[in-house]
Amino acid sequence: MFTEVLIGLVVGGIIFLVVLRRKSHVLKTEDGWWGVGPVPDDEQDTTTYPFKVTTSDAELEDLNRRIDQTRPVPSLEDSQFNYGFNSEYLEKVVSYWRNDFDWRRQVDKLNKYPHFKTNIEGIDVHYVHVKPKQIPDGTNAIPLIMVHGWPGSFYEFYGTIPLLTEPSERQSLVFEVVCPSIPGYGYSEAPHKKGFDSVCAARIFHKLMRRLGFQQFYAHGGDWGWLVTTNMAQLEPKTVKALHVNFAPPSKPGLTVTLSLLLGRHFPKLFGFTSVDLERLYPCLEKLFLESIKETGYMHIQATKPDTAGRALNDSPVGLAAYILEKFSTWTSQDFRNLVDGGLTRKFSLDDLLTNVMIYWTTGCIIPSMRFYKENFSRLDSPHVKIPVSVPTGFACFPNELMHTPKLWVQQKFHNLLTYTHMTRGGHFAAMEEPQLMVEDINNFIKKVEKMKAQ
Ligand SMILES: *[C@@H]1O[C@H](CO)[C@@H](O)[C@H](O)[C@H]1NC(C)=O
């Protein structure tokens, strides 16, 4: 009798510990309310309804008037993009915007895919939802949520959508894609209260996916989209079948990351560093440090006083374009800082770049988009920072990403890292810059996951 009780206790204890351990890896959250004023008593409207991007003569006249009133500033000789957006090139971009860019045509392009809105936690959440026209016999479309970052938008994914939903290659998977706008970005309403961070966005997107009838789905993200989808995986590891990201800076400089950075140059094997890792991590540490200071001023402003600088950007389309497009230059390739035109049109068209700017301009969302940084940095101790990610993860390592992340570092956070791909080309806005490569990697990764799940 005694031994049986003992065995029972031990087994119970082990089960308890296992459950506890597992539990501690699931992120907890509570419903929020981001609408104006207190939570209303009446039941919430959970309908989803179609939305179309529109414009008007008044909107365009107002824009043109403001563009015409811009006050050009000569840039310094030989400064290229090193002092920020080159002023002389800005005149060219602005002249294109004013005279050749056709917003009405771009609005039609935006409306090429079906848009919707639905109210969640008191704010209207916008999303693009594309179902495949054809699904091969005996297969199902694979649901995939794709989350953008700053200063981007859902539009970053427009090049990938056809490749995902109507692939021309027969061996490609066929996806059903949902691209939401983070609340405060583009056509999603901005939260009216303080505290809306990546975990809140993750919770809202789970509610969105549930509302759309998905019990399980895949997730992809870069920039803030990386953190939002990571939080989604932490909140509901059973709902997120697997996670694909192209950005994953270490969330805290833990012991392993610090040690590997200090010693990895001399003992690369110890940390699994490859020659690519060495090349990208060690131009020299001072340079790495200096670069990060040079390139993160925007972050400091946005994480502290977004409403001040943001107000100027919200009044000036030219200022807004300079602020946003400077990032599309430098974050695509740091070397582009040494080009007078910031290399902008080497990888993107001015039409696409200005469309993204127009999404910020017409919705007046620059301040709320900047506030996301403030909410992020106001809570350094958020539990999600400490919790690892258990769902299968794929990492696409693009050569010109802001910060190179060796496999070991990604594994510190993503305990089930299934694929880590060195991509041949591309920078921070990889989905927009290299849609084909991105979709290829998503395909390879998800095929691997599905194969594993089938076994
Ligand atoms: C804030 O953002 C950084 C990335 O910029 C991320 O590593 C960190 O985990 C975030 N912190 C919180 C509390 O969300």
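Count residues from 1 along the sequence. Just follow the structure's listing: the first ligand is 1, and inside any ligand the first atom is 1.
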Short N or O separations between ligand 1 and the protein, below 3.5 Å:
| from | atom 1 | to | atom 2 | distance (Å) |
| --- | --- | --- | --- | --- |
| ligand 1 | 2 (O) | N376 | OD1 | 2.9 |
| ligand 1 | 2 (O) | N376 | ND2 | 2.5 |
| ligand 1 | 11 (N) | N376 | ND2 | 3.0 |
| ligand 1 | 14 (O) | N376 | ND2 | 3.0 |
| ligand 1 | 14 (O) | H384 | NE2 | 2.8 |

(message) Under the ring pair (Phe, Tyr, Trp, His ring centres under 6.0 Å) test against H428, which residue among F336, W224, W331 passes?
(response) W331
(message) Taking the basic N atoms (NZ, or NE/NH1/NH2) and the acidic carboxylate oxygens, is any pair closer than 4.0 Å for D31 and K207?
(response) yes
(request) Look at the side chain of S188 and the backbone N and O of S181, then say whether any donor-acceptor pair between them is shorter than 3.5 Å. (result) yes
(request) Give, for atom OH of Y218 and atom CD1 of I442, the distance between the pair rounded to the nearest 0.5 Å. (result) 12.0 Å
(request) Run the salt-bridge test on D307 and R371 with the 4.0 Å N-O cut-off and return the result as yes or no. (result) yes
(message) Please determine whether a side-chain nitrogen of the Lys or Arg among K241 and E450 lies less than 4.0 Å from a carboxylate oxygen of the Asp or Glu.
(response) yes
